[in-house]
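Step one of this worksheet: look at the structure below.
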Protein chains: 2
Amino acid sequence: MVNLADVARQAHVSKMTVSRVLNHPEKVSVEVKTAVMAAIDLIGYQPNRIAKALVNHQNYVIQFLVLEDIDTVEPNYAILLLQLADVLNQKGYTLEISTIITDNDNIDGIIVSGWRQSDIIALEALSVPVVLYGESPIDHDMAYVDVDNRYGVKLATKHLIQTGYQKIIYIGMSVDLPFSNERELGYLDTMANNRRVSKVYNVDNHSHVAEKLIDNIMTQLSENTGVVCATDRIALGVVRALNKQNGVPEQYGVVGFDGVFIDQISSPQLTTIRQPFAQIAQSLVDHLFLQLEHGELGMQRIVPSLIRRDTTRA
Amino acid sequence: MVNLADVARQAHVSKMTVSRVLNHPEKVSVEVKTAVMAAIDLIGYQPNRIAKALVNHQNYVIQFLVLEDIDTVEPNYAILLLQLADVLNQKGYTLEISTIITDNDNIDGIIVSGWRQSDIIALEALSVPVVLYGESPIDHDMAYVDVDNRYGVKLATKHLIQTGYQKIIYIGMSVDLPFSNERELGYLDTMANNRRVSKVYNVDNHSHVAEKLIDNIMTQLSENTGVVCATDRIALGVVRALNKQNGVPEQYGVVGFDGVFIDQISSPQLTTIRQPFAQIAQSLVDHLFLQLEHGELGMQRIVPSLIRRDTTRA
DNA sequence: TTGTACGCGTTATCAG
DNA sequence: CTGATAACGCGTACAA
C-alpha cells in the first residue's frame with residue numbers, strides 16, 4: 001500500500017502539502033501542485049478512504065433501507081438500487097442494505113424505500129439524515145424524492161383520450177399511500193377536466209388479480225374502453241384478460257406505470273409511464289448530501305414520460 | 001459518539017480490557033467480562049468499523065462487479081445483489097458496485113457476475129480475492145459458485161419425459177459460456193440416456209425472439225412436444241407462441257430456468273427450475289472469505305429445484 | 001489476568 | 001504558501 005508519506009517523499013514535500021493538493025488545490029502553488037500530481041501518478045497513489053473517514057468522523061457509507069418484503073421486491077426497486085450504488089460509488093461512498101430501522105453509528109445517511117405510514121415516526125427519530133423515496137405524508141417534514149405520480153397518470157389518461165377511447169376506467173392499488181393516491185388523482189383530475197365520467201377499481205398489485213377483475217367486469221365493459229393502470233403488473237393482467245377476445249389495442253387500450261422490464265417482456269409490449277431511475281437515484285443522493293452538508297430538507301418530483309408501444313392505438 | 005474509552009471509564013477498566021472482551025473474550029475473567037458487557041449495554045456502545053478497519057488494514061468493503069449492461073440486467077441479478085448485500089451486512093461488510101474492472105485499494109474482495117471469457121485474464125491479475133458467479137472456464141483456476149446448470153436442465157428434461165411428452169426439443173442461448181454449455185449438456189445427456197432423439201435450437205435471450213422462432217418452426221412441431229428452455233425469458237416467448245392455438249400444457253409442455261419473477265407474472269405460470277439465490281449469495285460470500293482468510297480457492301455448485309406449475313401436465 | 005505505549009493514514013490547526 | 005504536530009478510535013506488542 002502506497003500512502004501519503006510515499007508521495008511526499010517522492011515529491012520532496014511534506015505529507016500536508018500532498019493532502020492539500022488533493023483537498024484544497026487552490027491553497028498551493030502551481031509548481032508544487034504539478035510536481036505532486038506527477039509523483040502521485042508515478043507511484044500510483046490511491047487515497048485511503050478509511051483513514052480519511054477516521055479523521056473526518058464520517059463513514060462513507062449510505063444505508064439503503066428496504067421496508068418491503070425483500071423476496072417480492074419489484075424489479076424497479078432493484079434497478080433503483082443498482083443506479084444508487086453507482087452514483088454513490090462515484091462519490092466514494094459505499095452502500096449498506098438493511099431491512100430494519102435501526103440507529104447505527106456506522107452510516108452517514110439513509111435512503112428509504114417501501115415505507116408505510118407507520119414507519120414515519122421511527123424514521124423521523126433517527127440521528128442521521130434520511131431521504132424518502134416516495135412522497136412524504138402531508139403532516140411530516142421530511143426530505144423526499146418521487147416520480148411525479150399524478151402527472152404520470154395524467155399523461156396516461158390524456159393519451160387514452162387522445163387516441164380516441166370512449167370510456168376510460170382506472171385500476172389502482174388497494175393501499176393507502178401518497179403515491180397511490182396521487183396516481184388516482186391524476187386520473188380523476190384529467191377526467192374531470194375533460195368532462196368525462198370516471199370509474200375507479202382497486203386491486204392488489206398482482207397481474208393475476210387484475211386479470212380476474214377484468215374477467216368479472218368484462219360484460220359491463222363497453223367496447224372502445226381505455227384502461228389506466230396504476231402499475232405495469234396490473235396492466236399485464238388487464239391486457240391478458242382483454243386479449244382473450246383479441247381486443248388490444250383496437251377495442252381496448254391499456255397503459256401501465258413503471259416502465260421497467262415488464263413492459264418489455266410482455267406481448268403485446270405495454271404502453272407505459274416510464275420512471276427515469278437513473279435520475280431518481282441521482283436526485284435521492286443529491287438530496288441526502290444537501291441535508292448532510294447544509295442541513296437542508298429538499299424535495300423533488302421527477303417527471304416521468306409516456307412510452308407509446310403496442311397496447312394503445314398508434 | 002461513544003467509544004472504547006467511554007466504556008472503559010464506565011466499567012473502571014482500561015480500554016484494552018474492553019477491546020479484549022469484544023475480540024478475545026476467553027482471555028478475560030468472567031467478572032470483568034460481565035461488568036464490561038453491562039457498561040456496553042448501559043451507554044450503548046457500538047464498535048467503530050472505521051477505526052477497526054484502519055488498524056487491521058481492511059476496508060470492510062466487498063465489490064460486486066457487474067460486467068453486463070446494467071440497464072438490461074435481469075431481475076435475478078438484482079435479487080442476487082439484494083441477498084448479497086444482506087449477507088455481507090451481517091458480517092459488518094458493505095457493498096460497492098462497479099461496472100468496470102479496476103485494481104482498487106479500497107476493497108477487500110470482488111464478486112463478479114456477467115463476465116465473459118475475455119474478462120478472465122484481467123480478473124486473474126487483480127490483487128484481491130475474486131469469486132466468480134458462474135462456472136469458471138476450464139483452463140483457469142479461479143474460485144466460483146454457480147447453480148448446477150446441467151443438473152437443473154436434467155430435472156427439466158426428465159420432468160417432460162415423465163409427464164409424457166413424446167418429442168422433446170431444447171431452446172438454448174446463443175452465447176458460448178460455461179453455463180449455457182452446461183445447460184445444453186443437461187438436455188443432451190438426459191435425452192441420450194433415455195434413447196431419445198435430441199434437437200437443439202439457439203436464440204438470443206429475449207421472449208420475442210423465442211416467440212418468433214416457435215412461430216417459424218410451428219409446422220414442423222408435432223403435437224405432444226415438450227420444450228426445454230434455457231431461461232424463463234425464452235420460455236415466456238415459447239408459451240406465447242404455442243398458446244396461439246391454446247396448446248399448453250396439453251399438446252405442448254414448457255419448462256423454463258431461473259425461477260425468479262417472470263415465472264410468477266406469466267400466464268399460465270411457468271414450470272421452471274428455480275435458482276436459490278439466498279443460498280448462492282451465502283456461498284459466494286463464504287468462498288470469498290475462505291480465500292481471504294485461508295487463501296483457499298473453493299468452488300461450489302448449488303442444486304436447483306423444479307417448480308411445477310401450469311406449463312406442464314399435472 | 002490486566003494495562004501502557006504506539007501506530008494505522010489522514011486532515012485540521014497553527015506556526016513559520 | 002508550506003510544514004510540524006496532534007488527533008480520530010481501535011488493536012497489537014510488550015510490560016507489569
Side-chain angles (χ1 to χ4, degrees), chain A residues 1-40 43-61 91-94 104-108 292-293, chain B residues 1-40 43-61 91-94 104-108 292-293:
Chain A
M1 154 156 304
V2 22
N3 62 18
L4 262 193
D6 298 324
V7 180
R9 209 168 304 123
Q10 175 72 32
H12 303 289
V13 296
S14 73
K15 291 192 297 179
M16 246 345 278
T17 302
V18 181
S19 173
R20 261 193 289 259
V21 170
L22 264 16
N23 300 306
H24 309 282
E26 74 287 357
K27 307 190 124 190
V28 64
S29 73
V30 183
E31 310 92 54
V32 175
K33 189 160 25 185
T34 54
V36 169
M37 293 305 277
I40 288 178
I43 64 181
Y45 167 73
Q46 295 180 24
N48 183 321
R49 155 213 261 150
I50 295 292
K52 180 190 287 212
L54 186 63
V55 291
N56 290 342
H57 300 280
Q58 297 194 26
N59 296 286
Y60 297 107
V61 176
K91 297 182 88 99
Y93 277 70
T94 255
N104 182 339
D105 287 344
N106 292 312
I107 58 174
D108 300 319
L292 217 61
E293 290 162 9
Chain B
M1 157 155 304
V2 22
N3 61 19
L4 263 193
D6 298 324
V7 179
R9 210 169 303 124
Q10 176 71 32
H12 304 289
V13 297
S14 73
K15 293 192 298 177
M16 246 346 279
T17 303
V18 181
S19 172
R20 261 194 288 261
V21 171
L22 264 16
N23 300 306
H24 309 282
E26 74 286 357
K27 307 191 126 190
V28 65
S29 72
V30 183
E31 310 93 53
V32 176
K33 188 159 27 185
T34 54
V36 169
M37 293 305 276
I40 288 177
I43 64 180
Y45 167 74
Q46 296 181 23
N48 183 321
R49 157 213 260 148
I50 296 292
K52 179 189 288 212
L54 187 62
V55 297
N56 290 343
H57 300 281
Q58 297 194 25
N59 297 287
Y60 297 108
V61 176
K91 296 183 90 100
Y93 278 70
T94 254
N104 181 339
D105 286 345
N106 291 310
I107 58 174
D108 300 319
L292 250 152
E293 290 161 9

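Below, all heavy atoms of this structure are taken into account, side chains as well, without hydrogens, waters or symmetry copies. Convention: sequence-line order gives letters A, B, ...; per-chain numbering from 1. Predicted model only: the values in this text are computed from it and were never measured.
- Looking at heavy-atom distances under 4.0 Å, Val28(A) makes contact with sugar-phosphate atoms alone, never a base.
- Side-chain contact between Leu22(A) and Tyr45(A): present, with at least one pair of heavy atoms (C-beta onward) separated by less than 4.5 Å.
- For Thr17(B), a side-chain nitrogen or oxygen approaches OP1 or OP2 of dG3(C) to under 4.0 Å.
- Below the 3.5 angstrom threshold, one finds no donor paired with an acceptor across the side chain of Arg49(B) and the base of dG9(D).
- Residue Gln58(A) contributes atom CD, which lies 14 Å from atom P of dG9(D) at whole-angstrom precision.
- In this entry the distance linking CG of Asn48(A) with P of dG7(C) reads 18 Å, nearest Å.
- In this structure, CG of Asp105(B) is placed 16 Å from P of dC8(C), rounded to the nearest angstrom.
- Checking Asn56(A) against Leu54(B), the closest nucleotide of DNA chain C that is more toward the 5' end is the one next to Leu54(B).
- For dT10(C), neither phosphate oxygen OP1 nor OP2 lies less than 4.0 angstrom from any side-chain nitrogen or oxygen of Tyr60(A).
- One interatomic measurement links the two molecules: CG of Leu22(B) to C1' of dC10(D), which rounds to 11 Å at whole-angstrom precision.
- When rounded to the nearest whole Å, the span between CG of Asn3(A) and P of dG7(C) equals 14 Å.
- Atom-to-atom, NZ of Lys15(A) to P of dA7(D) comes out at 15 Å; the value is rounded to the nearest Å.
- Residues Asn106(A) and Val61(A) have side chains not in contact (no heavy-atom distance under 4.5 Å, counting atoms from C-beta outward).
- Backbone-only contact: Leu4(B) has heavy atoms under 4.0 Å from sugar-phosphate atoms and none from a base.
- Listed nucleotides dG11(D), dC10(D), dT10(C) differ in distance to Val55(A); the shortest reach to its side chain belongs to dT10(C).
- Between Ser14(B) and dT2(C) there is no side-chain N or O to OP1 or OP2 distance below 4.0 Å.
- Put simply, NE2 on His24(B) is 12 Å from C1' on dC10(D), counting in whole angstrom units.
- Between Asn48(B) and Asn3(B), the closest side-chain pair of non-hydrogen atoms is not below 4.5 Å.
- Contact between the side-chain N/O atoms of Ser19(B) and the OP1/OP2 oxygens of dG11(D) is found at a separation under 4.0 Å.
- Two residues are said to be in side-chain contact when any heavy atoms from C-beta on lie closer than 4.5 Å; Asn23(A) and Lys52(A) meet this criterion.
- Looking at the side chain of Met16(A), the nearest of the listed nucleotides dC8(D), dC10(D), dT5(D) is dT5(D).
- The interatomic distance linking Arg20(B) (CZ) with dC14(D) (P) rounds to 14 Å, in whole Å.
- Closest of all the heavy-atom pairs between Asp105(B) and Asn59(B) is O-ND2, 3.1 Å.
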